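Dumping the structure here so I can ask a few things about it.
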Amino acid sequence: MNPDVYLQPPRVAQAPGEAQTLYDTLLRPQPAPAAIAQAHAWLDDRLAEADLLDCDLPSDPADLPAWLARRNAAVGEQYTAYLAERQAGGPRRYFSNRAHALFFLRGVAPTKRVDGAWLYGLSRHWQDVRYAGLITTYLEELGEGDARANHVAMYERLLAEHGCDAIEGLTDEQYVQGAIQLALAHGADCYLPEVIGFNLGYEQLPLHLLITAYEFNELGLDPYYFTVHVTGDNAHSGHARKAMDSVRQLWPVLEDGDTFAQRLRRGYLLNDLGAGTLDVIHSFDLETELCRILADKSAWGRHAHSDYCRIEGRTVNDWLQDPTQARGLLQALEKSGWLRRGAPPEESRFWKLLQSERGEMFGVFSGYEQQVLADWIADGRVPEGKGQRRLTFRASRRLRDTLLPSASALGESPANDDIVDGDIALLRARLEKAKSRADVMAELVPLIGPATHATPVGLLATRQFNRLHRTA
Ligand SMILES: [Fe+2]
């Protein structure tokens, strides 16, 4: 196989499902009123679904502290058992290899890319002290305007670092959680009890966060995005505690609270809809994922190979005519010696086409796709790092820090307000004209929404909002 040219292909259009369509229409700086109305109708259907699920929330809010303590203790015990299992030589529980971990990172990206969004609609209530805890939680999700601490920006960097930023091929179920969060973001005034209930569920420390962080580190992947949630969501003083306090603070005064409690419970159960962390992790099959990647490539590459590229007597273009032949192509590549399974990837000629800067297929596979191929070739039979044990992420970071000066020593600024950006100049001009704190906040609120808070102007707006909120 020796393709003389591999054209950069057009994106293959896939018809998005209902949740993804809603997600895309809501993740805009100012979603259209029609999109918001549609989101409310969709959310009502999800709430009706949630109604059918079992709920472990206590019916009396006075029992919430004991419930929170019990949940935390149970997760602590389960994690201790996991660690003991690993120390006794047990295998990783979640991720069979790095490709599996990156598959997960991509698979939950629609949710993580809108992290914190469900609380956005409360930011308009900055003058009402009952909302202070939840608004603080939202601002902490946004890193208080520091790009390094903004959870969405952090996740984007993690995706980009491993060549996972082109997210395609996900199911509509994988957009359900993100769409719920965005629908709540743009419906807080209609769905306040549901927002509070959803937040109560989302901010509890789950076991999967702890295990994911542990196994990411072990695989040499940065676990920080996950560890920051372990520390930030803590039940003593963190987001979980604030979530519980908000129930008491925003409980209605003039009603008996039954309707509020019922709606809060439904909001809490929204957390269980769509594809969750474990669903995504368990849906991984290395060969199926590699075949999906090859099938996607086939639409782009079927006219890009010369006629003399033949595998088992057929031209590459012929193999690529039908995406369902991807598995057959993989077997043919193995049989004809282009792929050597069970050997280090560098020993496969096909791998060299992708890897070498002068290779005919250099740049065709993203970092993620290369990892999937590498792990499939190695087939769990190649000692990592050619016989050397792979460093954990933390160990490799310690090694790097001893060799390189830190970012602060290089004078890097966490919040570069001097960045050249037309939006920033415009915002500054508008703020100068504002006559009151309320005027300033009215300018800032639209910019700290899910679609904009991680941009330079959104980060600036978040810093300003945070400063004024703290002193309100
Ligand atoms: Fe977060």
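First listed ligand is number 1; within each ligand, the first listed atom is number 1. In this text, all values refer to a predicted model and were calculated from it rather than measured experimentally. Quick note: residue numbers are just sequence positions, from 1.
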Nearest to the Fe ion (ligand 1), which N, O or S atom of His151 do we find?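 Among the N, O or S atoms of His151, the one closest to the Fe ion (ligand 1) is ND1.
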Lys/Arg N to Asp/Glu carboxylate O, Arg86 vs Glu218, below 4.0 Å: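 Yes, charged N to carboxylate O under 4.0 Å.
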Are Arg470 and Glu144 within salt-bridge range, i.e. N to O under 4.0 Å?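 Salt bridge: yes.
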With the Fe ion (ligand 1) as the reference point, give the N/O/S atom of Glu141 that is nearest.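 The atom in question is OE1.
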Check this for me, if you would: do Lys433 and Asp439 make a salt bridge, where the nitrogen-to-carboxylate-oxygen distance has to be below 4.0 angstrom?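 Asp439 and Lys433: not salt-bridged.
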In Asp115, the N, O or S atom nearest to the Fe ion (ligand 1) is which?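 So the atom name we want here is OD2.
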Classify the side-chain pair Tyr23/Gln181 by whether it contains a donor and acceptor separated by less than 3.5 Å.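 Gln181 and Tyr23 do not have a side-chain donor-acceptor pair below 3.5 Å.
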